[in-house]
Amino acid sequence: MTELGLYFAKKSINRADVSRKTGISKTRLSELANNDNTQLRVKELYLIALAIDEDPCEILKEICIDIELP
């Protein structure tokens, strides 16, 4: 599971509801939540944040927690 998937689980976010509100397919949301090789686009992150009424920066901080400068 990806950091976004963990975020969805922690916040009990309904992916079907997010899909309906954002226009992002359920398949794409599943890929973003489960496949580490799937790249999250900024537009998708922003739409997800709007759909769940969260600050995009807070989501970004949480899902990018393991990223560091070399």
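All values below were derived from every heavy atom in this structure, side-chain atoms included, with hydrogens, water molecules and symmetry-related copies excluded.
In this structure a side-chain-to-backbone donor-acceptor pair under 3.5 Å is missing from Ser19 to Arg15. Remark: side-chain polar atoms of Asn35 are not paired, donor with acceptor, to backbone N or O of Glu31 under 3.5 angstrom.
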List the atom pairs, with distances to 0.1 Å, where a side-chain N or O of residues 47-65 and a protein N or O form a donor-acceptor pair under 3.5 Å, not counting sequence neighbours.
| from | atom 1 | to | atom 2 | distance (Å) |
| --- | --- | --- | --- | --- |
| Asp55 | OD1 | Cys57 | N | 3.2 |
| Glu62 | OE2 | Lys10 | NZ | 2.3 |

What side-chain donor-acceptor pairs closer than 3.5 Å can you find for residues 39-46, not counting sequence neighbours?
| from | atom 1 | to | atom 2 | distance (Å) |
| --- | --- | --- | --- | --- |
| Arg41 | NH1 | Glu44 | OE2 | 3.1 |
| Glu44 | OE1 | Arg28 | NH2 | 3.0 |
| Glu44 | OE1 | Arg41 | N | 2.9 |
| Glu44 | OE2 | Arg28 | NE | 2.7 |
| Glu44 | OE2 | Arg28 | NH2 | 3.3 |

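The shortest side-chain heavy-atom distance between Thr2 and Thr38 does not fall under the 4.5 Å cut-off.
Evaluation of the salt bridge (charged side-chain N to carboxylate O under 4.0 Å, His left out) rule for Lys21 yields Asp17 as partners, not counting sequence neighbours.
Summarising the hydrophobic clusters (Ile, Leu, Val, Met, Phe, Trp, Tyr; side-chain heavy atoms under 4.5 Å, direct or chained), the residues clustered with Met1 are Leu6.
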